[in-house]
Number of protein chains: 2
Amino acid sequence: MEKSINFYNVAECPVRNVLDKIGDKWSLLILLVLKENEVLRFNEIHKSIGDISQKMLSVTLKSLEADGFVHRKVYAEIPPKVEYTITPLGTSLLPHIDALAKWSKEHINTIMQNRAAYNNEL
Amino acid sequence: MEKSINFYNVAECPVRNVLDKIGDKWSLLILLVLKENEVLRFNEIHKSIGDISQKMLSVTLKSLEADGFVHRKVYAEIPPKVEYTITPLGTSLLPHIDALAKWSKEHINTIMQNRAAYNNEL
DNA sequence: CAGCATCCTCATCGATACTG
DNA sequence: CAGTATCGATGAGGATGCTG
């Protein structure tokens with residue numbers, strides 16, 4: 001099976017790789033919460049975000065930990081205590097997200113108006 | 001049903017709104033292709049990308065058009081002729097993606113190594 | 001407390017066939 | 001040429017219950 005060479009291939013493109021990560025539902029939000037608080041326990045993150053399920057928090061934290069965006073420190077205590085912190089790698093990404101956030105805030109009204117106008121013309 | 005107030009709520013957060021758009025599989029790629037070529041017909045985009053299905057190209061173009069990232073010009077001819085161009089709004093977004101791309105290229109190796117190391121420790 | 005396991009739903013996406 | 005319509009697979013994500 002042959003296919004055209006695609007420089008934007010999901011598996012090989014760095015941008016796609018990062019976009020797939022921060023483009024999911026919770027990763028970016030968790031990073032932001034961790035940046036604001038420096039260190040948080042599992043349930044503290046849970047409460048900070050509010051409407052994330054326990055499963056998705058667990059899954060997303062694992063993914064962020066695997067990539068090195070978040071550090072996980074386990075205390076050998078009963079009951080268990082786990083602290084999460086954002087890593088320098090995670091921190092270094094956020095300014096670029098902020099730039100995107102700034103652009104988004106500046107243009108979201110335009111986008112929404114475009115979308116509404118488009119739907120009216122159907 | 002009550003829930004905590006979430007400033008990063010998908011529906012209301014501008015960043016999420018934009019990330020949801022460019023975080024999908026094809027939108028960003030189409031914008032990049034259109035930026036490089038200025039004007040392209042439907043099938044030209046199709047060939048440029050290669051492994052996108054006709055359906056997804058159609059759906060994604062509609063979505064980009066609705067938000068005002070892409071302009072669609074129809075010629076009343078037989079056979080049909082439709083030209084797509086990136087709008088100023090779309091163009092203004094790309095530098096921020098480029099910044100993200102730059103960061104991604106600089107850190108993708110670290111991320112991949114982290115990911116591999118993490119998986120080995122399982 | 002900090003999770004994992006299980007089941008389920010729904011949106012996304014691809015393949016295929018058809019059309020003005 | 002530039003799509004639309006339909007079906008089916010896949011996987012993200014949520015709800016619930018259980019555990020060291």
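Here is how names work: the chains are called A, B, and so on, in the same order as the sequence lines, proteins then strands, and each is numbered from 1.
- Remark: side-chain polar atoms of B:N43 are not paired, donor with acceptor, to backbone N or O of B:H46 under 3.5 angstrom.
- Here C:dA2 presents its C1' atom at 17 Å from NZ of A:K73, a figure rounded to the nearest Å.
- Of the candidates D:dG3, D:dC1, C:dC13, the closest approach to any side-chain atom of B:V82 belongs to D:dG3.
- Between C:dG3 and A:R41, no contact under 4.0 Å exists linking OP1 or OP2 to a side-chain N or O.
- Close to C:dT16, at under 4.0 Å from its OP1 or OP2, lies no side-chain N or O of B:K55.
- A:R115 and A:N120 share no donor-acceptor pair across their side chains, judged by distance under 3.5 Å alone.
- For the pair A:G23 and A:P79, both in contact range of DNA chain D, the more 5′-proximal nearest nucleotide belongs to A:G23.
- A:F69 is listed as a side-chain neighbour of B:I111, based on a closest heavy-atom distance under 4.5 Å.
- Atom CD of B:Q54 is separated from atom P of C:dC18 by 14 Å (rounded to the nearest Å).
- Although no hydrogens or angles enter the test, the distance criterion places no donor-acceptor pair under 3.5 Å between the side chain of B:E65 and the main chain of B:K62.
- In this model, the phosphate group of D:dG3 is not approached by any side-chain N or O of B:K62 to a distance below 4.0 Å at OP1 or OP2.
- Look at CE on B:M56: it is 14 Å from C1' on D:dT10, rounded to the nearest Å.
- Side-chain N/O atoms of A:S58 include one lying less than 4.0 angstrom from OP1 or OP2 on C:dC4.
- Listed pair A:Y84 / C:dC1 fails the phosphate criterion, with no side-chain N or O lying under 4.0 Å from OP1 or OP2.
- Going from atom CD1 of A:I78 over to atom P of D:dT19 covers 16 Å, rounded to whole Å.
- In the set C:dG3, D:dG14, D:dA2, D:dA2 carries the atom at the smallest distance from any side-chain atom of B:P80.
- If you take CD of B:E83 and C1' of D:dC1, they are 13 Å apart, rounded to a whole angstrom.
- Between the CZ atom of A:R72 and the C1' atom of C:dC4 there is a distance of 12 Å, rounded to whole Å.
- Per the geometry, CG belonging to B:L57 stands 14 Å off C1' belonging to C:dG14, to the nearest Å.
- Distance, A:D51 CG to D:dG13 C1': 12 Å, rounded to whole Å.
- Around atom NZ of A:K102, no more than 12 heavy atoms belonging to other residues, nucleotides or ligands sit under 6.0 Å away.
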